[in-house]
Every structure is written in C-alpha cells, then in structure tokens.
**Student:** 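Provided herewith is a single structure, encoded as structure tokens, for subsequent inquiry.
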Amino acid sequence: MKRKLLLFALLLIQFLGFSQRYRYTNTLYPASTITQNVVYGTAPSVDGLGTVESSTTTQNLLMDVYKPEGDTFTNRPVIIFAHAGGFFSGSRNVDDMMAFCDYFARKGYVTATIDYRLGFSFTDNIVLHSTRAVYRGLQDGRTAVRYFRANAATYGIDPNKVYFVGSSAGAFMALHSIYLDQISEKPAEAGTNPYTNITAPFSHIAPDLGGLDIGANLSFNGKPDAVISMWGAIQSTNLITSNNNTPVFLIHGEADTTVPFNTGSPFGYTTLPQADGSNPINTKLNLLNFTNKETYFVPGVGHEFYGVANGTWTNGTGGNTYLPIVQDRSTSFLWKQHKPTANYTSISNTLTVNFTDTSSGATSWFWDFGDGTNSTLQNPTHTFSTSGNYSVTLYIENSNKSWDEISRPITLSTMGLADNSKGLFQLYPNPTNAIVTISLAKTASKVSYQIIDYSGKIVLEQELSNSQLFNINVENLESGLYFIKITMDETVGFAKIIKN
C-alpha cells in the first residue's frame, strides 16, 4: 500500500510540474517582489559638472531586483534594464524600466533596473567627455552582468542566461557591451588624455579608465547572452566582426532625431561624435549573414516612441499603443534564446501508436493524445479506443522551465492504413520504379508526406508548402508494397504504392 501511495505521489508531482505552462511568455504570477538598493559594484564617478575628469568620488552602483511573487524555481534567466537619459540624467526608478521589470518578472524571469555613472561636460572637449561617459556606462553594464553570474545561487538564476535591455543611453551600453568587446577596440579617449578647458582651471589630464571590466567579480564574463536595444547606436559598425554574433533585437523609430536611426550625431548636435544607429547596424549584421537577430523599425515615429520622455510616461498612466507591441516582440525574442524545440514521430498499428520524441533540449514531456488522456513519458505507446481523427500535442520543458509544443493530426482506422485517397489526391504511375507524381485535388498551404513500409517504419518524409503537384523519388527503396500518408492542411489521406 505504501509503495502504491509513493508511486501516486511521484506521478502527481511530475504532473503538477506542468501546471504552470508557458513560462516566460504568459503572465503566471500575480505580482513581483522587489529588493531595493542592491549594491552591484563600485566605481569612480566624475565630480560636479564633469569638466575635470581626474576629480572623482567612489560611487555605489545600485539596482532594484524583481522576482516573481511566490516562485521557488532556481534556474531562471535574468534581464538587466538600463534607463535612458543621455548619460547625464535618469535613474533606475523611471516609469518604463520599472514597468518592464514587473512585466517580465510576472512571466517568470528575475529582472533588475540599474543605476550607472552619469555626467559629462557639454562646455568643451565634448568628444572626449562624451566618449568617456559611454565607456563608463559600458563598464557599469558589464559589472551588473558579472554580479548576477557571481550571485546566481542567491537570486535563483541561470548564470548562462543573463540578458541586457537598454533604452537610448542604456541601449548604447547594451550594444557596446557585445560589439566593443575587445580591449584593442577601446577608444583612445578612454585612455590617458591631456586636455585644456576654456575656463579655469585650464590644464588637465584625463586618467585611463581601465579595461572593459573593472571592480568586483572579475573572474566572471561581463558580456550578456542577448541584448535588446531600444533606439540605440554604437560608435561605428566597424566594431562588429564575424565573432560578434550575440543575439540582438533592434527597436527604433525611423524618424528619431535624438539617437540617429541611420548615422549622425545624437540630439543633432554636430559637436558630439557621430554614431551608427540601428539601420546601419542591421545592414552590417546582414552582410555578416547573422540570423540570430530581429528588428522592429517603425516609419514616421521618433525617439522612445512607445510613450515616454526620458523613461517617464507622457500620459501619466502608461505607454501608448506601441508599448504592448514592443513588450510582445521582446517577450518572443527573449523566449527564443532559451526555449527547447519540440518534435516527434509516430508509427501506428491500427489503434496503437508508438510515439518517439525527437525534441532537442527537453528534460520533461507532456503528451495530450487528443482523446482525453495524456502521458509524461518521453516515448509513450498509446492505444486509442476508437478509430477517427485526433490531434496529438507534445509539450516539453527544459532545465530553465522554458517550453515548446507541437501538434499533429493523426488518423486511425481499425482496418489499418486503408486507401482513402479518392477525391483527395491521385498518384501515378503505380506501380513505379523511380518517380511517383502526386496530384492533389486542390492546392494546400501546408503539405507533408510519409512513405511507410509494411512494418510501419517511415522510410521517406518531407514537408512542402503551397503545393498541388509534386514528385517523389522512390528509386532507392526496396521493391515491395508501401503506404503513403499525405497531410494536406487539416486533411489526411492514405494510399498504397508498389515499387517495382
């Protein structure tokens, strides 16, 4: 009796593990809990108006960390958000960054909104001061990434799934963190530089800002695993090389006059150094044949087009109609970075079907056979009670509890693979010794076929689209009787093929 109860309990635990499906894409948690004022690093911050680069004060770098309320899972991806403000204003507490943190935390992520070092002089030596401000931001962003990798156990996160999302200045940090990733690419302005102010005190030496990674946790990698850039730019697309294939999602308004969509100076101030915006970045990624990137470019709209000004809601209550679009596309992009891929094959013998999982990255499985029954086995065998058409769905999860699923129709008959092709398709010649032509009664947007031998083994299969007439080469098959199963959108037909 005890053994039966234990077995039941184990099965119940396994089943309940799927009770919160679609983590990271659906909102599963009612709220997020916030830990405020977390010190993720320290760094020298320029004093006053930033005209004297050597006058610094050590600054605590702070973040607020958001977690899904009531969640006990300990292998979650983490998303770091960096605010807008041109490297001279803004904070981690702006409206959009807090909203994004809560939005993604309730989907199952750990999130954080960070402060970083601000301030640079607009009065003179603007190229020097602005370049150093961006470089300091790059260093602080990498410090936040390293902090989470070093404290993965504390926050219940996967140290190999650390993502970075930036808005405007924060997007400069995000993009440079993946493209300015070698010390040899460090701008000359970030090194030791003598310079002269137009007002007293006149002569100064800007000290070397150091490497890409400064401060604590230097044994950990500061480069994020994926980046979302909202209206950002980089020093030059020359920074992007064939090794810079970190997944990136570029979001930009094509009429942006604050950060150029193409190439230009931020704010339209020609005294600031030119930067390459999202469009030339995307062009360079295309030239390098990178496929792990996405874009959302909107004609006719400007900076921070989802309804904020420097991160503060322009209507006082939330973003505009573009905000849910940005959220949805960002949700999909990040989910793709850690999802498994569901797939399976099946072989039927009258009403009994053997299902074989061919997924990648799965650690748990949930089968819905479409007849009111299910299984959590990886490769189940299921006997249906009656013949008919069923939709079989395989839902999988991986070690991050990220998911994927696939559904396929299946037609079962107590007569085995009976020929029901009349009115659905024709095949000729039959018998054949090489090529058999399939002519469908009408064009189908999605077509797949399987050639099945008499034992039930699939020996040929292919998926097509927008097809009505196609050929199948069976020349390499052994002579004998075969069945062909053709799925035309939602319709399934069977026929026999004789190979001479």
Side-chain angles (χ1 to χ4, degrees), residues 77 79-86 96-97 100 103-104 134 137-138 141 145 162-181 185 223-267 274-308 311 319-320 322-338:
I79 314 171
I80 301 167
F81 291 87
H83 63 82
D96 58 350
M97 297 296 98
F100 274 118
Y103 172 86
F104 281 100
V134 175
L138 160 67
V145 171
V162 182
Y163 310 137
F164 200 101
V165 179
S167 171
S168 195
F172 275 70
M173 294 165 57
L175 291 171
H176 283 93
S177 71
I178 59 175
Y179 297 137
L180 200 165
D181 61 342
E185 298 170 328
K223 189 174 183 177
D225 298 299
V227 154
I228 297 178
S229 165
M230 299 186 290
W231 26 91
I234 57 174
Q235 181 186 44
S236 169
T237 57
N238 292 332
L239 292 171
I240 307 175
T241 67
S242 59
N243 295 323
N244 297 141
N245 60 351
T246 301
V248 62
F249 179 26
L250 303 170
I251 303 170
H252 218 131
E254 295 184 10
D256 195 338
T257 58
T258 301
V259 174
F261 174 64
N262 290 296
T263 297
S265 297
F267 305 103
Q274 285 199 333
D276 287 336
S278 297
N279 197 35
I281 292 172
N282 184 54
T283 299
K284 182 63 175 289
L285 297 178
N286 287 333
L287 288 174
L288 292 170
N289 296 316
F290 288 170
T291 58
N292 53 352
K293 52 94 175 176
E294 296 180 18
T295 62
Y296 178 44
F297 297 159
V298 185
V301 300
H303 199 60
E304 296 182 294
F305 62 74
Y306 57 49
V308 292
N320 58 30
Y322 287 109
L323 179 63
I325 299 174
V326 171
Q327 289 175 327
D328 288 346
R329 294 193 179 204
S330 298
T331 296
S332 175
F333 171 76
L334 292 176
W335 169 61
K336 292 173 186 176
Q337 308 315 312
H338 48 70

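Being a predicted model, the structure only gives us computed values, none of them experimental.
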**Student:** Would you call the rings of Y103 and F100 parallel, tilted or perpendicular, where under 30° means parallel and over 60° means perpendicular?
**Tutor:**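 Perpendicular.
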
**Student:** Answer whether the closest heavy-atom distance between the side chains of P224 and T246 falls below 4.5 Å.
**Tutor:**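 Not touching, per the 4.5 Å side-chain cut-off.
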
**Student:** Just verifying a value: how many Å separate I79 CD1 and F104 CZ, rounded to the nearest 0.5 Å?
**Tutor:**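 Rounded to the nearest 0.5 Å, the CD1-CZ separation comes out at 5.0 Å.
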
**Student:** Nearest heavy-atom pair of V326 and I251: which atoms, and what distance?
**Tutor:**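 Closest approach of V326 to I251: CG1-CD1, 3.9 Å.
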
**Student:** Only distances under 3.5 Å count here; give the side-chain donor-acceptor pairs of residues 295-304 to other protein atoms, sequence neighbours excluded, each with its distance to 0.1 Å.
**Tutor:**
residue : atom : partner : partner atom : Å
H303    : ND1  : D256    : OD1          : 3.3
H303    : ND1  : D256    : OD2          : 2.8
H303    : NE2  : S168    : OG           : 2.9
E304    : OE1  : N310    : N            : 2.7
E304    : OE2  : N310    : N            : 3.4
E304    : OE2  : G311    : N            : 3.1

**Student:** For the residue pair Y322 and F305, does the interplanar ring angle fall in the parallel (under 30°), tilted (30 to 60°) or perpendicular (over 60°) class?
**Tutor:**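 Because their plane-to-plane angle is over 60°, the rings of Y322 and F305 count as perpendicular.
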
**Student:** Can you list the steps and then say if N289 with T291 is a side chain to side chain contact (heavy atoms under 4.5 Å, CB included)?
**Tutor:** CA-CA 6 Å; N289 296 316; T291 58; over 6 Å; no

**Student:** State, yes or no, whether a side-chain contact exists between M173 and L138 at a heavy-atom distance under 4.5 Å.
**Tutor:**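 Not in contact.
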
**Student:** With a 4.5 Å cut-off on side-chain heavy atoms, are Q337 and D225 touching?
**Tutor:**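 No; the side chains remain at least 4.5 Å from each other.
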
**Student:** Hey, are T241 and N244 close enough side-chain-wise for a donor-acceptor pair under 3.5 Å?
**Tutor:**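 Per modelled atom types, N244 and T241 side chains form a pair under 3.5 Å.
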
**Student:** Find the distance between CG (L288) and CG (N245) and round it off to the nearest 0.5 Å.
**Tutor:**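 Separation between the atoms: 9.5 Å.
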
**Student:** How about W231 and Y306: are their ring centroids closer than 6.0 Å?
**Tutor:**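 Yes, the ring centres sit under 6.0 Å apart.
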
**Student:** At their closest point, which heavy atom of P280 faces which heavy atom of T263, and how far apart are they?
**Tutor:**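 Looking at all heavy atoms of both residues, the shortest contact is CG-OG1, 3.9 Å.
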
**Student:** Take I228 and F333 through the side chain to side chain contact (heavy atoms under 4.5 Å, CB included) test and state the conclusion after the steps.
**Tutor:** CA-CA 9 Å; I228 297 178; F333 171 76; 3.8 Å; yes

**Student:** Please check if any side-chain donor atom of Y179 sits under 3.5 Å from a side-chain acceptor atom of T237, or the reverse.
**Tutor:**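 Absent: no donor and acceptor within the cut-off.
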
**Student:** Would you please say whether a donor-acceptor pair under 3.5 Å links the side chains of K293 and N286?
**Tutor:**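 K293 vs N286: donor-acceptor pair found between side chains.
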
**Student:** For A233 and A275, work out which heavy atoms get closest and say how close.
**Tutor:**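 Taking A233 first and A275 second, the nearest heavy atoms are CB-CB, 3.9 Å.
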
**Student:** Mind checking whether N262 and E254 have side chains closer than 4.5 Å, heavy atoms only?
**Tutor:**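 The answer is no, as the side chains (C-beta and beyond) never meet within the 4.5 Å cut-off.
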
**Student:** Let me confirm one number: the CD-CZ distance from E294 to R329, rounded to the nearest 0.5 Å.
**Tutor:**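 Spacing of CD (E294) from CZ (R329) equals 8.5 Å.
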
**Student:** How long is the straight-line distance from CG of N238 back to CD of E185, given to the nearest 0.5 Å?
**Tutor:**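 One gets 10.0 Å once the value is rounded to the nearest 0.5 Å.
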
**Student:** Could you report the tightest heavy-atom contact between Q235 and H176, atom names first, then the distance?
**Tutor:**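 Closest approach of Q235 to H176, heavy atoms only: N-NE2, 3.0 Å.
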
**Student:** I need the minimum non-hydrogen distance between V227 and S177, along with the two atoms involved.
**Tutor:**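 The answer is CG2-OG, 4.3 Å.
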
**Student:** May I ask you to decide if V259's main-chain N or O and H252's side chain share a donor-acceptor pair within less than 3.5 Å?
**Tutor:**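 Checked: pair present.
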
**Student:** Checking I80 against V145 for the side chain to side chain contact (heavy atoms under 4.5 Å, CB included) test, could you report, in this order, the C-alpha distance in whole Å, the side-chain angles of both residues, the deciding distance, and whether it holds?
**Tutor:** CA-CA 8 Å; I80 301 167; V145 171; 3.9 Å; yes

**Student:** Starting at CD1 of I281, measure out to OG of S229 and round the result to the nearest 0.5 Å.
**Tutor:**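 Rounded to the nearest 0.5 Å, the CD1-OG separation comes to 6.0 Å.
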
**Student:** Could you go step by step and tell me if L175 and L250 meet the side chain to side chain contact (heavy atoms under 4.5 Å, CB included) rule?
**Tutor:** CA-CA 10 Å; L175 291 171; L250 303 170; 4.0 Å; yes

**Student:** How many angstroms lie between atom CD1 of I178 and atom CG of N243, to the nearest 0.5 angstrom?
**Tutor:**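 These two atoms lie 13.0 Å from each other.
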
**Student:** Which pair of non-hydrogen atoms, one from I240 and one from K284, has the smallest distance, and what is that distance?
**Tutor:**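 Shortest heavy-atom contact: O-NZ, 2.9 Å.
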
